[in-house]
Colleague: 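Below are the structure tokens for one structure; questions will follow.
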Amino acid sequence: MRLVTWNINSLRLRLPLLARLTSDLRPDVVCLQETKVPDPLFPADDLRALGFEHLHYSGMKGYNGVAILSRHPLEPLSDLPVWYEKADCRHVAARVLAPSGSVELHDFYVPAGGDEPDPEANPKFAHKLAFVEETARWFANRPNQRTILVGDLNIAPLEHDVWNHKQLLKIVSHTPPETERLQTWIQSGFVDAMRQFVPPEEKLYTWWSYRNRDWKASNRGRRLDHVWVTPDLLPELSGMTIVAEARDWPSPSDHVPVVLDLAE
DNA sequence: ATGGTTGGTATCCAA
């Protein structure tokens with residue numbers, strides 16, 4: 001099974017890029033974040049035309065929004081918590097009935113957290129910290145088996161998940177309060193699937209800001225997008241690819257797709 | 001220290 005996670009930053013605007021990704025890589029399942037489309041306007045017909053017959057999504061006007069697109073049948077998980085008492089379309093989950101064995105799949109879009117890394121002064125940062133605490137607690141209190149958690153978690157946890165560790169310690173996405181909480185979350189039952197393929201001492205990015213004139217030349221990236229799996233799935237992992245060239249596609253997202261291959 | 005760009009929606013907010 002080939003799984004992709006991608007913060008697409010407007011699904012409707014980037015449907016042609018999703019079509020390109022689909023024809024280039026033939027994913028079985030695609031998890032999207034920042035779809036920015038309310039459910040009644042979700043482009044389901046376009047996605048079915050790309051081969052994704054099974055769709056599960058949660059979107060709202062203007063912001064956020066997550067979606068799972070699948071060639072295999074989905075059984076949505078309908079009783080998910082409302083994180084931070086805000087129904088703001090940051091989490092969907094479903095059981096994927098793949099021929100190689102079904103898996104439980106969670107697709108997250110964690111709050112970005114604003115600019116000021118102080119929960120007292122910045123309510124967005126307080127929201128982000130609380131969101132990660134709540135999700136960590138929830139996963140710690142349930143059995144996690146054959147489960148995959150993906151998404152834009154908006155935190156780069158390791159030193160080499162950012163272009164300059166020391167400089168970014170005070171920048172939201174790489175501050176200790178965030179990386180510590182992410183650590184607690186992953187320890188609720190997961191392992192970092194991307195780092196199974198690339199050692200922690202190697203730089204690894206999935207996002208490059210729009211604000212750099214030449215993203216490739218400056219290469220000031222961060223690994224904000226993640227793929228976690230429960231340890232029982234480790235023997236089935238067969239490959240991981242960051243589709244960095246997508247950052248140069250016409251009208252790109254600032255995030256690039258991450259591909260995980262699981263054995264047939 | 002500052003500003004740089006993009007998308008959705010409405011002329012500003014969020015990232």
Side-chain angles (χ1 to χ4, degrees), chain A residues 5-21 31-43 46 57-67 83-84 86-91 107-119 121-132 150-157 161-164 166-175 177-179 181-182 205-226 243-258:
Chain A
T5 180
W6 191 14
N7 179 323
I8 198 168
N9 188 14
S10 174
L11 172 57
R12 285 174 292 178
L13 188 68
R14 289 188 230 287
L15 273 171
L17 300 192
L18 184 63
R20 178 168 177 174
L21 177 82
C31 292
L32 300 174
Q33 304 87 36
E34 282 205 269
T35 54
K36 295 185 176 179
V37 57
D39 290 347
L41 300 177
F42 192 82
D46 296 298
Y57 48 88
S58 173
M60 59 191 281
K61 187 175 177 178
Y63 310 104
N64 310 337
V66 283
W83 307 111
Y84 203 66
K86 282 167 92 87
D88 57 354
C89 306
R90 296 180 179 277
H91 180 203
D107 180 12
F108 275 97
Y109 175 53
V110 170
D115 290 331
E116 176 62 41
D118 175 0
N122 173 10
K124 291 182 196 169
F125 194 68
H127 179 200
K128 182 178 197 175
L129 296 183
F131 187 100
V132 175
V150 306
D152 176 5
L153 306 185
N154 265 317
I155 298 172
D161 291 338
V162 295
W163 63 279
N164 185 322
K166 201 174 171 186
Q167 196 166 328
L168 280 153
L169 278 170
K170 291 178 179 173
I171 302 298
V172 171
S173 75
H174 195 59
T175 67
E178 294 167 88
T179 56
R181 281 164 179 78
L182 198 74
Y205 311 140
T206 64
W207 173 89
W208 291 263
S209 171
Y210 285 127
R211 297 178 191 180
N212 284 105
R213 193 166 297 150
D214 185 336
W215 71 275
K216 203 183 282 179
S218 55
N219 198 22
R220 297 184 168 190
R222 304 178 201 171
R223 184 169 70 117
L224 302 179
D225 303 274
H226 296 273
V243 190
E245 62 266 29
R247 191 61 181 75
D248 272 335
W249 289 352
S251 245
S253 170
D254 46 355
H255 296 252
V256 298
V258 180

Colleague: Tell me if a side-chain donor or acceptor on A:Asn154 pairs with a main-chain N or O of A:Val110 at a distance below 3.5 Å.
Modeller: yes
Colleague: Find the distance A:Ile8:CD1 to B:dG7:P and express it as a whole number of Å.
Modeller: 12 Å
Colleague: On DNA chain B, compare the nucleotides closest to A:Met60 and A:Arg220; which residue's is nearer the 5' end?
Modeller: A:Arg220
Colleague: More than 12 heavy atoms of other residues, nucleotides or ligands under 6.0 Å from CG of A:Asp115: is that the case?
Modeller: no
Colleague: Expressed in whole Å, how much space separates the C1' atoms belonging to B:dG3 and B:dA15?
Modeller: 15 Å
Colleague: Quick test: give all pairs of protein nitrogen or oxygen and nucleotides 11-15 of chain B nitrogen or oxygen below 3.5 Å, distance rounded to 0.1 Å.
Modeller:
residue	atom	partner	partner atom	Å
B:dA14	OP2	A:Lys124	NZ	3.3
B:dA15	N6	A:Arg211	NH2	2.5
B:dA15	N1	A:Arg211	NH2	3.0

Colleague: If only atom types and distance count, is the side chain of A:Tyr63 paired as donor or acceptor with the main-chain N or O of A:Cys89 below 3.5 Å?
Modeller: no
Colleague: So, the side chain of A:Gln33 versus the backbone of A:Asn7: is there a donor-acceptor pair under 3.5 Å, distance only?
Modeller: yes
Colleague: Roughly how many Å apart are B:dT5 and B:dT9, using the P atom of each and rounding to a whole number?
Modeller: 23 Å
Colleague: For atom C1', what is the distance between B:dT6 and B:dT11, given to the nearest Å?
Modeller: 16 Å
Colleague: If we ignore hydrogens and angles and just use 3.5 Å, is the side chain of A:Arg90 paired with the main-chain N or O of A:Val66 as donor and acceptor?
Modeller: no
Colleague: Indicate yes or no for a side-chain donor-acceptor contact from A:Lys128 to the backbone of A:Val172 under 3.5 Å, with no hydrogens or angles considered.
Modeller: no
